Amino acid sequence: MVQDASGGEGLRWAAEPTFWREVFERLGAGLVVVDPSGLIVAANPAAEELLDRTAAAMAGKDFHDLLHRRADGTAVPREECPLLAALALGAPARGGGDGFLRGDGRLLRAGWSCAPVAGGGRAAGMAVLLTAAAGSGAAGGRTAHVAAPEDLTGRAALVEEIVAVLAQTLDTDEALSRLSRFLVPRLADWAAVDLRVEGEVRRVAVTGPEGRDAEREAWQGTLPAAAEHSRSPLVRVLHGGEPALLGPEEIGAPPDSALAAVQAGFLQSLGATSAVTVPLRTARQVTGALTLVRTGAARPFGAADLALAGDVGRRVGLAIDNARLFGRQREIAEAMQRNLLVSLPQPGPLRLTARYQPAPAGSQVGGDWYDAFVLRDGATALVIGDVVGHDLAAAAGMAQLHGMLRALAWDRTEPTSAIVDRLDDALPAITSVSMATLVLARVEGPEEGPWRLRWTSAGHPPPLLATPDGHAEYLGQGQSLLLGTHLGGGDRPDATAPLPPGSTLLLYTDGLVEVPGTDLDTGLGRLRRHAAALARRPLDEFCDQVLVRMSSGSTDDIAVLALRVPG
């Protein structure tokens, strides 16, 4: 007799065999029952889908030999199998990250737990529960979703993975694209992200099963206005409403606004049977919405999924807010740099040209700059520099150094080393710059030549001199410590070198030669070879080609300053 919580008779239906058969068949997780010797006696539909095997085909087979594998796909020796040990002891056990061989030959990564099954007062075998790990697929193009973990540890681990995905880039579009690829198929068959952008709502990402690219692209773009009167879950969420769980009735409800109609058409075109829509929010505002869709009736979203999706929405909202803040800072820093990269003089027969290339979208702006100006004694000053740091502060520091160095160089005629020493002394008192590198050079000579270069380098990559005969060499002299170390003691060296007729002097920042995954010597070697090959090209073409050939893969901003001596 089955009793209810009050001790009286009740829940009689729970004692009926048909009730437990229905529980077995409708359970969302895969469940396999084995006898005391480990032979499979039953498997529910979820297990059939996960393992791509029918219950009839598995019946009577040894569970361990047929299915159990290590995470790398190799066989697990029977004496090392914790599941067989639990079966022998008649004790519960659990494991995670194991492999189970599917009928299609693929490996299903899954966690498992088992518990003894008793019958007639004695051990009758074990019930083995399988939970697919993130990213594991099922047969026939269907997806084995990760159920929203009921235990806090599992949910926290999944959210931690999502946070890691979002932290990989500061570019909003790239972050959302990575997020969508993570959520599908782990949590859903389809994912759509809508953002509020400049007063509009735009669907910026739609991700689904592989092979559905054309259908995915068709649903992206600007959406109709989110009318406040609409009862559409998407509209309510965009206006600050709570996360919404949608079943077949809500998905099929008649739309009451233009945006609701678009969303209804989207869900119906996918064959959605269940969906969740959650806000992407910060403490200040709702920045958009995330919609997750499942198309199979066997696993509708539930309350735990809704809670998990809501948590994801909050994390995504924060990431978007941070990315937009970074983007605004980047725009300010970039504008500051460009405004300070002044027009170059063309002193007599000398020719000057320069290029500045910002860091790629999603990377931080640095403090690179160049400058050139005629000094009071008629010599031409050349400057290339890089303030340590990659943010708005670095760009502001660059602006301070730029103005100070011009003033010091104009103030009196003296060696470049003395000017840089005075700049280094003033650095902590007058600027916010902690450290910086630079090359300060003077180009001297009568209009008919010969020309000579005098320079000092404060921890900066060496100047490169290329001659028309296809030779290029680095001018490695004149090196000293970078600005801000306060270890130089005022004894920076000067260096001099002749500038042959028709030669090209190239000053550059480290972003030109430093590429992630390669060493500095490799980058310097590439630059020397390209400069030698391009030495006879017109100066503008020389700079453009150097930048094109060298900047691929760079994650830093790049400044280049080139001087051509008359031939």
Side-chain angles (χ1 to χ4, degrees), residues 17-88 90 92-119 123-147 185-186 189 209-211 273 294-300:
T18 54
F19 168 75
W20 294 108
R21 188 179 302 116
E22 191 169 345
V23 169
F24 179 76
E25 292 178 353
R26 294 197 177 189
L27 186 66
L31 184 61
V32 180
V33 180
V34 300
D35 68 11
S37 62
L39 301 181
I40 299 171
V41 296
N44 74 344
E48 290 181 309
E49 183 176 3
L50 285 174
L51 297 169
D52 191 35
R53 301 175 186 269
T54 65
M58 290 187 283
K61 303 290 180 61
D62 186 283
F63 179 94
H64 175 83
D65 293 344
L66 178 67
L67 302 174
H68 201 189
R69 301 292 185 270
R70 289 195 176 100
D72 62 1
T74 57
V76 181
R78 295 184 71 86
E79 62 273 13
E80 297 179 13
C81 177
L83 197 150
L84 288 179
L87 179 63
R94 64 190 304 168
D98 289 19
F100 294 89
L101 187 62
R102 288 162 42 90
D104 60 5
R106 293 162 54 198
L107 195 70
L108 171 74
R109 291 185 301 108
W112 59 269
S113 60
C114 65
V117 176
M126 298 283 281
V128 183
L129 191 70
L130 301 175
T131 305
S136 297
R142 293 168 293 177
T143 303
H145 300 296
V146 177
R186 287 169 174 84
D189 297 310
E210 293 179 0
T273 56
R294 287 183 182 171
T295 57
R299 289 189 180 88

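In this text, all values refer to a predicted model and were calculated from it rather than measured experimentally.
Side chain of Arg294 to backbone of Thr273: no donor-acceptor contact under 3.5 angstrom is found. Judged by distance alone, the side chain of Arg78 and the main-chain N or O of Leu84 form no donor-acceptor pair under 3.5 Å. Judged by distance alone, with hydrogens and angles left aside, the side-chain atoms of Asn44 form a donor-acceptor pair with the main-chain N or O of Leu31 at under 3.5 Å.
For the pair Leu83/Val76, no side-chain contact is recorded, criterion being any heavy-atom separation below 4.5 Å from C-beta on. Residues Phe100 and Arg69 have side chains not in contact (no heavy-atom distance under 4.5 Å, counting atoms from C-beta outward). Contact check for Leu101 versus Arg53: side-chain heavy atoms found under the 4.5 Å cut-off. Side-chain contact between Pro77 and Arg70 is present, with at least one heavy-atom pair separated by less than 4.5 Å. A heavy-atom distance below 4.5 Å is found between the side chains of Pro116 and Pro92.
In this structure, Leu67 and Ile40 approach most closely via the heavy-atom pair CD1-CD1, 4.2 Å. Between Val117 and Ala127, the shortest heavy-atom distance links the atoms CG2-N, 3.5 Å. The two residues Leu51 and Val32 make their nearest non-hydrogen contact at CD1-CG2, 4.5 Å. The two residues Ala43 and Ala55 come nearest to each other via the heavy atoms O-CB, 3.7 Å. When every heavy atom of Val34 is checked against every heavy atom of Leu87, the shortest pair comes out as CG2-CD1, 4.4 Å.
Note that CG of Leu50 and CG of Leu130 are 6.5 Å apart. Values are rounded to the nearest 0.5 Å.
Residues forming a side chain to side chain donor-acceptor pair (under 3.5 Å) with Glu79 (at least two apart in sequence, or on another chain): none. Partners of Ala57 under the side chain to side chain contact (heavy atoms under 4.5 Å, CB included) rule, at least two apart in sequence or in another chain, are Thr54.
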